[in-house]
Amino acid sequence: MNRRRRIYEGKAKILYEGPEPGTLIQHFKDDATAFNNKKHEIVDGKGVLNNRISEFVFNNLNAIGIPTHFIRRMNMREQLIREVEIIPLEVVVRNVAAGSIAKRLGLEEGTQLPRSIIEFYYKNDELDDPIVAEEHVTAFGWATPQELDDIMALAIRVNDFLSGLFLGVGIRLVDFKIECGRLYEGDIMRIVVADEISPDSCRLWDINTNDKMDKDRFRRDMGGMLEAYQEVAKRLGILNENDRPMGTGPTLVQ
Ligand code: UDP
């Protein structure tokens, strides 16, 4: 079915060559993975939901002037994106203690942090994505000091936007991960938000019950992962739309 050139296959997504130079197609798979792929299952429909949720988030980020790689959704599982040079960092922003920071620093999960905290993890599966300091990032040349400033400014803006967005639909944004890339436009290079933002990459807790509505349901064998993702989509008002695909043919990218 796919005669397009496959550029890269990750754990949850595939990147194909796009219809125009400088574009790619990002395909969302149904694979759920955790602990660096040691736990792996197919969750029917997860890719479709993440495609829609990430589309919604990135469209809104673009609309408020936060630059991203996102152009538009093409169909149920795919979106057209700008090709960027991915910076090999997972940029995590935390508002509430959970997951690895709770373990590392002995904090009780659910404790509000004194302020939002940004962490960097070096993207390297063989090393299990180790946490690194700004010193490592600049010394090893993964990003320049100026780029790191831009990344942190973007991360804070995304956190402020997402916190408000989710609070408005009764969800607490505990933490999330973004990836950033270099977008080259002629002589100019800009740092933009890339990859995806979905319940796979965020911790989302119901504001009243603290119910988990994210990938921790899978990581911690709680069940109900798909239902939780559906609920996130429903609350954001993006489920009951007409799902007719928009077609996958080449389109002129402005
Ligand atoms: N995260 C992610 N991909 C990763 C690691 C973490 O999207 O490879 C997200 C995770 O979903 C959470 C945040 O980053 O929203 C912080 O994750 P943490 O460091 O607590 O690690 P975890 O407990 O997921 O191992």
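Indexing begins at 1, ligand by ligand and atom by atom, following the structure's order.
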For Ser100, the ligand 1 atoms with a heavy-atom partner under 4.0 Å come out as 18 (P), 19 (O), 20 (O), 21 (O), 23 (O)

N-O pairing of Glu147 and Arg182 below 4.0 Å = yes

So the atoms of ligand 1 within less than 4.0 Å of a heavy atom of Val92 turn out to be 14 (O), 16 (C)

For Gly99, the atoms of ligand 1 under 4.0 Å from one of its heavy atoms are 20 (O), 23 (O)

Compute the minimum heavy-atom distance from Tyr121 to ligand 1 and say whether it is under 4.0 Å. yes

In terms of heavy-atom contacts, Pro19 and Leu80 come closest through CD-CD1, 3.4 Å

- Under the 3.5 angstrom rule, does the side chain of Arg203 hit a backbone N or O of Asp214 as a donor-acceptor pair? no

Does the ring center of Phe58 lie less than 6.0 Å from the ring center of His69? yes

Are Asp214 and ligand 1 in contact, using a heavy-atom cut-off of under 4.0 Å?
no

Under 4.0 Å between heavy atoms, the region of Cys202 that gets near ligand 1 turns out to be backbone

**Message:** Below 4.0 angstrom, counting only protein heavy atoms, does anything approach atom 25 (O) of ligand 1?
**Reply:** no

CG of Asp206 to CZ of Phe166, rounded to nearest 0.5 Å, is 12.5 Å

_Quick one: does any side-chain atom of Thr111 pair with a main-chain N or O of Glu108 as donor and acceptor, under 3.5 Å?_
yes

Checking heavy atoms under 4.0 Å, the part of Arg219 that sits near ligand 1 is side chain

Taking only non-hydrogen atoms of Asp200 and a 4.0 Å limit, the atoms of ligand 1 in range are 7 (O), 11 (O)

Relative to Phe28, does Lys46 satisfy both conditions: NZ or CZ under 6.0 angstrom from the six-membered ring centre, and within 45 degrees of the ring's axis? no

Here the gap from Arg77 atom CZ to His27 atom NE2, rounded to the nearest 0.5 Å, amounts to 5.5 Å

closest protein heavy atom to atom 8 (O) of ligand 1 is Glu90 OE1, 3.0 Å

So for Lys215 against ligand 1, with non-hydrogen atoms under 4.0 Å, the contacting part is neither

Q. Do we get Arg6 above Tyr16's six-membered ring, with its NZ or CZ under 6.0 Å from the centre and within 45° of the axis?
A. no

Residue pair Ile118, Val91: steps toward the side chain to side chain contact (heavy atoms under 4.5 Å, CB included) verdict
CA-CA 7 Å; Ile118 305 179; Val91 181; 3.9 Å; yes

protein heavy-atom neighbour closest to atom 7 (O) of ligand 1 works out as Lys177 CE, 3.1 Å

Nearest non-hydrogen contact to atom 22 (P) of ligand 1 from the set Arg203, Lys103, Glu179, Arg104 belongs to Arg203

If you scan protein heavy atoms around atom 13 (C) of ligand 1, the nearest is Asp175 OD1, 3.5 Å

* To do: Measure the distances from the heavy atoms of Arg94 to every atom of ligand 1 and state whether one is below 4.0 angstrom.
  => yes

